[in-house]
Amino acid sequence: MEPAEALGVAVVGFGWMGRVHTQAYARVAHHYPGLPLRPRLVTVAEEVPGRAEEAAERFGFASATRDWREVAADPRVRAVSITAPNFLHRAIGVAMAEAGKHIWIEKPVGLTAEDARTVAAAVARAGVRGAVGFNYRNAPAVEAARDLIASGGIGTVTHVRVRLFSDYAAHPESALTWRYERERGGSGVLGDLASHGADLARFLLGEIAALTADTAVFVPERARPAGATAGHTRASGGEPGLVENEDYVGCLLRFASGARGTLEACRVSVGEQNAYGFEVHGTCGAVFWDFRRMNELRVSQGTTYQDQPVSTVYVGPGDGEFAAFQPGAANAMGYDDLKVIEAYRFLRSVAEDRPYGATLADAVRSAEVLDAMALSAESGTWVDLPVS
């Protein structure tokens, strides 16, 4: 085996997701020893004082900076993870592409579909590769479900329910961070969770042709934090401010195939922690997935129709990328493993100059679905989407 070529990588934005990307780079060669590129941690950029330096010391970046523009100008860097807040995605994504850097960018790739299209166009012009953080599609069980559906294993799909419920913003003392502001966060649960739902729906069933949606804010006021924040922190006693984007979205979907669906997402669901999943029904079966039981599917197949039983199936080495992590079925994989798969597919796309995994085209399509949801919620009407 020839030695792997070193690829200088940088991470821009070092909150929780920046750490997850960094750890994925550190692990990817262990799980994929045949990968011809070996990521080398060159620099980390984070505007919060001291955070980049701490990340460099802890994870082994060669340098640190508070200014992401220095990353764009750094000749050592050939690929960049963009894990900064949403309002920075467009500027950073375009700048990195124009500087000739391959980009692995977190969803939703800006505040609107136009932002996502602008980043995608910059990547195409520059001839670099772009990957997007739709990590749930990387679960081996999700890929197994997609294969089952595509093979006709549950018949013709009739309807699907996609749900993404979480309680990370349920506490009334949750800090009023950028996530709750239109100018910096854009949408609320639409961009944060429903973007994953739109991607999963498309990944499993194909394009969405039309939709109608409703949104709501259930915690209308939160306290402003006194200083820098990371993740979902509390800020009791701070100056109150208005929540400017939605806590909840419910949506009816019509797919180009003729199937129907629902997509529901909420960030203030008390009693729900990462309750993400889907239920796909067909003319002679069904398949169910719950992220909290990530490595298994519930499957119903046969010709009984009424009272047809449901079996639990554990994914194994023949499903998706499972074999890169575990030797046999029912051995558990976790969330961070999905980001290692994402890193592998990004690096493989760079090495082979062809797409693997979720691309900026997927980000654009997801963002178009989100924009249509926002428009529908405002207008109270069905919204058609272009289907190529």
Side-chain angles (χ1 to χ4, degrees), residues 134-165 193-213 249-265 275-323 329-330 333 338 357-358 361-362 365-366 368-369 372-373 382-388:
F134 289 129
N135 43 268
Y136 298 109
R137 62 156 63 192
N138 297 327
V142 173
E143 295 193 283
R146 187 192 195 205
D147 291 343
L148 177 68
I149 293 164
S151 71
I154 61 171
T156 301
V157 172
T158 54
H159 59 100
V160 59
R161 183 165 77 106
V162 181
R163 52 177 170 75
L164 300 105
F165 296 149
L193 296 181
S195 57
H196 282 298
D199 183 67
L200 281 173
R202 291 184 58 250
F203 185 70
L204 293 168
L205 302 184
E207 296 299 345
I208 297 167
L211 60 82
T212 185
V249 60
C251 187
L252 297 178
L253 307 170
R254 293 175 182 162
F255 290 85
S257 67
R260 298 298 195 263
T262 63
L263 192 160
E264 195 175 14
Y276 311 151
F278 55 77
E279 303 155 15
V280 182
H281 295 266
T283 51
C284 62
V287 60
F288 312 89
W289 180 71
D290 187 326
F291 170 66
R292 296 166 299 181
R293 304 179 72 89
M294 190 180 87
N295 304 290
E296 62 186 64
L297 291 172
R298 294 174 61 238
V299 179
S300 179
Q301 291 179 285
T303 57
T304 305
Y305 299 102
Q306 186 178 3
D307 299 328
Q308 184 161 287
V310 178
S311 300
T312 297
V313 178
Y314 297 104
V315 295
D319 300 308
E321 296 292 332
F322 189 92
M333 289 177 60
L338 303 184
D362 294 307
R365 191 57 177 169
S366 174
E368 288 173 344
V369 172
M373 288 183 188
W382 280 85
V383 175
D384 293 328
L385 289 120
V387 178
S388 56

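Please read these numbers as outputs of a predicted model, since none were measured by experiment. Any value given below was found using the heavy atoms of this structure, including those in side chains, with hydrogens, waters and symmetry copies removed.
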Would the distance check show the side chain of T212 and the main-chain N or O of L252 forming a donor-acceptor pair, the cut-off being under 3.5 Å? no
So, for A198 and L263, which heavy atoms are closest and what is the spacing to 0.1 Å? N-CD1, 3.5 Å
From CA spacing to verdict: side chain to side chain contact (heavy atoms under 4.5 Å, CB included), E279, R298: CA-CA 9 Å; E279 303 155 15; R298 294 174 61 238; over 6 Å; no
Take the angle between the ring planes of F134 and H196 and call it parallel below 30°, perpendicular above 60°, tilted in between. perpendicular
Stepwise side chain to side chain contact (heavy atoms under 4.5 Å, CB included) test for D362 and R202: CA-CA 9 Å; D362 294 307; R202 291 184 58 250; 3.4 Å; yes
Whether the side chain of T262 engages the backbone of R161 through a donor-acceptor N/O pair (distance < 3.5 Å, no angle test) should be reported. no
Say you draw a straight line from CD of E143 to CG of L148; how long is it, rounded to the nearest 0.5 Å? 13.5 Å
Report yes if the side chains of Y276 and L200 come closer than 4.5 Å at any heavy-atom pair, otherwise no. no
Would you check, one step at a time, whether the test side chain to side chain contact (heavy atoms under 4.5 Å, CB included) holds for E296 with F288? CA-CA 9 Å; E296 62 186 64; F288 312 89; over 6 Å; no
Might you point out which heavy atoms bring F203 and R137 nearest each other, and give the distance in Å? CD1-CZ, 3.6 Å
Tell me, do V142 and W289 make a side-chain contact under 4.5 Å, heavy atoms counted? yes
Side-chain (R365) to main-chain (I208) donor-acceptor, under 3.5 angstrom: yes
So, F255 versus H159, ring centres under 6.0 angstrom or not? no
Measure across A201 and V162 and return the closest heavy-atom pair with its distance rounded to 0.1 Å. CB-CG2, 4.4 Å
Salt bridge or not for R146 and D319, using N-O below 4.0 Å? no
Side-chain donor/acceptor of N295 to backbone N/O of M333, under 3.5 Å: yes
Any side-chain heavy atom of N138 sitting closer than 4.5 Å to one from E321? no
Could you tell me which non-hydrogen atom of V249 sits nearest to which non-hydrogen atom of A194, and how far apart they are? CG1-CB, 4.1 Å
Any chance you could measure I149, atom CD1, to T156, atom OG1, to the nearest 0.5 Å? 12.0 Å
List the atom of D384, the atom of A210, and the distance in Å for their closest heavy-atom pair. OD1-CB, 3.5 Å
OH (Y136) and CE (M294) are apart, to the nearest 0.5 Å, by 10.0 Å
Nearest-0.5 Å distance that lies between atom OG in S366 and atom CG in D199: 6.0 Å
Mind listing the side-chain donor-acceptor pairs of residues 299-306 below 3.5 Å, one per line with the distance, residues two or more places apart or on another chain?
residue	atom	partner	partner atom	Å
S300	OG	Q308	NE2	3.0
S300	OG	P309	O	3.0
Q301	NE2	G153	O	3.0

Can you see which heavy atom on E368 is nearest to which on L385, and at what distance? O-CD2, 3.6 Å
Under 3.5 Å donor-acceptor, R293 side chain and F291 backbone: no
